[in-house]
Amino acid sequence: MDARAVRRHFPILNQEVNGRPLVYLDSAATSQKPLAVIEAVDRYYREQNANVHRGLHTLSERATQALEEARAKVARFINAREPAEIIFVRNATEAINLVAYSYGARLREGDEILLTPMEHHSNLIPWQLAARRSGARLRYIPMNPDGTLDVTDLDRLITPKTRLVALTHVSNVLGTINPVAEIVQAAHREGVPVLVDGAQSVPHMPVDVQALDCDFLAVSGHKMLAPMGIGFLYGKRELLEGMEPFLAGGEMIAEVDLERATWAELPHKFEAGTPDVAGAVGLAAAIDFLNDLGMEAVFQHEQELVRYALNVLREVDGVTIYGPEPPRGGVIAFNVEGIHPHDLSTVLDQEGIAIRVGHHCAQPLTEALGVPATARASFYVYTLPEEIDALARGIERAKEFFAHGIRR
Amino acid sequence: MGSDANPLEALYREVILQHYQHPRNKGRMEDAAATIRLTNPSCGDRIELFLKTSPDGRVEGITYEGQGCSISQASASMMTERIRGLSLDEALELAERFHQMLRGDAEAAKDERLGDLVALQGVSKFPVRVKCAALAWEALERSIEQVRSPQS
């Protein structure tokens with residue numbers, strides 16, 4: 001993959017920040033958007049916009065068609081059996097909340113939900129709330145010191161009380177790629193469904209829900225070149241059909257009288273209110289863009305960057321890197337001895353380098369690492385090795401700055 | 001700060017780095033009248049502030065524990081030096097002055113009562129760091145509230 005050619009599709013990358021060329025190393029927080037996506041949204045509002053599924057006029061039909069084509073494209077992208085298994089939501093957080101609420105409604109006191117210590121808050125807090133509502137217990141698959149999951153005792157962790165396993169496919173801090181297929185198999189042997197947080201995997205590698213055999217998959221569009229505000233939940237039809245709606249209102253009903261209502265067919269049962277059609281159109285354009293690159297090529301590009309970055313950063317004295325050896329996701333969390341991540345980020349920002357610092361919405365994990373915060377550099381299709389060199393130079397500059405204080 | 005001053009040097013004034021590397025009044029206080037623990041949820045900075053007052057209502061002792069960036073830790077350290085001996089009202093007034101300075105109020109920054117704290121004026125140019133500098137002061141304001149509330 002020629003990342004230099006890919007970059008030309010991303011106008012935002014071609015700018016200076018604080019007088020220096022922008023080095024954007026925060027794609028795990030959100031990706032930048034290619035012109036094809038920006039223009040697809042623009043075209044939608046110029047030519048197609050109308051409300052969907054209700055108008056009988058031509059524009060409404062066009063908008064409805066655009067939404068349903070986007071749904072079919074998403075289904076093909078992750079190899080769902082049918083488009084009706086794709087529910088449009090705002091983001092992975094909303095997708096997980098939908099499952100925690102609607103599937104979580106069947107939880108009873110003493111039931112167990114199995115999670116991991118490396119979950120993003122979006123795959124932790126909804127379960128804490130579901131547990132609080134039902135009296136269910138949260139249990140955790142333990143983690144090895146290298147940031148991989150310890151699945152040796154999986155069969156004992158999945159008990160007759162386990163009602164759901166929910167875990168991230170790729171850690172947003174450690175880059176760990178979890179053995180999801182293996183965990184799904186173990187869970188299914190006990191009849192337990194599995195929710196996979198795909199926010200950090202679907203944008204970066206081929207993901208096939210039938211091959212993984214996961215029961216739910218939650219994804220944010222904005223991390224995969226699409227606009228902010230669109231995401232999707234994949235769910236197996238038989239599970240989605242057995243669940244009550246999450247949000248209620250227009251679009252999600254079959255028949256309504258003053259006392260009661262019956263629910264629309266999938267996927268509309270879970271899509272109350274006017275959807276973000278422009279977002280869905282943008283997501284479809286993003287999927288086209290990624291398919292043109294090829295998801296295997298995207299994955300290989302990021303593996304090369306991760307290997308390169310590990311080599312370069314390990315050469316910098318005082319840098320501690322967290323997480324396992326490659327193959328791993330295109331995120332590298334690290335600390336620089338004697339420099340708090342915030343201070344590092346401020347110095348790097350003056351050099352035009354954008355990284356994320358803090359606990360990355362994974363506070364329990366940061367605590368497990370034994371540090372108050374980490375810095376994180378993350379990569380995507382447009383990231384160049386030179387940008388990793390710039391990061392290393394920026395770290396050296398920060399070290400010099402904080403070692404010698406202010407001169408003059 | 002000369003006209004060619006690097007924005008980083010305007011932020012990280014020498015006195016800030018000194019307080020970061022050699023914090024004053026850091027540690028727990030067993031007989032505190034008020035103990036307030038605050039975190040900055042967006043970044044994980046933490047502070048625990050201990051406050052003790054004298055019979056005539058002045059700040060007799062003030063210490064802190066915590067972890068965070070240089071700005072948050074230096075702000076806490078410098079605050080404890082400046083606050084000791086002030087009446088609670090004076091301490092609250094100074095906190096208000098400090099917040100005004102962080103909001104970019106140049107007049108407030110001229111207030112001599114701020115002393116060394118004026119070194120943190122540069123933070124106002126870095127909006128995402130204002131919360132770091134303000135954390136200890138919010139803990140101070142809550143501590144004074146706690147001391148004054150009839151329940152405690």
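Chain letters run A, B, ... following the sequence lines, proteins first, then strands; residues in each count from 1. A quick note: this is a predicted structure, and the numbers were derived from the prediction, not measured.
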Interface moiety of [X] toward chain A, non-hydrogen atoms closer than 4.5 Å:
| X | result |
| --- | --- |
| B:Leu11 | side chain |
| B:Gln73 | neither |
| B:Asp45 | side chain |

Side chain from CB out, backbone as N, CA, C, O: work out which of these in A:Arg397 comes under 4.5 Å of a heavy atom of chain B, or both, or neither.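 For A:Arg397, side-chain heavy atoms alone lie under 4.5 Å from chain B.
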So what's closer than 4.5 Å to chain B heavy atoms on A:Glu351: side chain, backbone, both or neither?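 For A:Glu351, there is no contact with chain B at all, as no heavy atom is under 4.5 Å.
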Quick one: does B:Arg28's side chain have a donor or acceptor within less than 3.5 Å of a partner on B:Glu65's backbone?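 No: the side chain of B:Arg28 does not pair with the backbone of B:Glu65.
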Just by distance, do the side chain of B:Glu81 and the backbone of B:Met78 share a donor-acceptor pair under 3.5 Å?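 Checking the backbone N and O of B:Met78 against the side chain of B:Glu81, no donor-acceptor pair under 3.5 Å is found.
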Kindly state whether the ring of A:His121 and the ring of A:His359 have centres lying under 6.0 angstrom apart.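 A:His121 vs A:His359: aromatic centres under 6.0 Å.
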If you count heavy-atom pairs under 4.5 Å with chain B, which of A:Gly358, A:Pro372, A:Ala373 comes out on top?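 Highest number of pairs under 4.5 Å: A:Pro372.
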Gap separating the CZ atom of B:Arg24 from the NE2 atom of B:His19, nearest 0.5 angstrom: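 Rounded to the nearest 0.5 Å, the CZ-NE2 separation comes out at 4.0 Å.
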Specify the closest pair of heavy atoms between A:Phe401 and B:Glu9, including all atoms of both residues, with the distance to one decimal.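 That would be CE1-CG, 3.9 Å.
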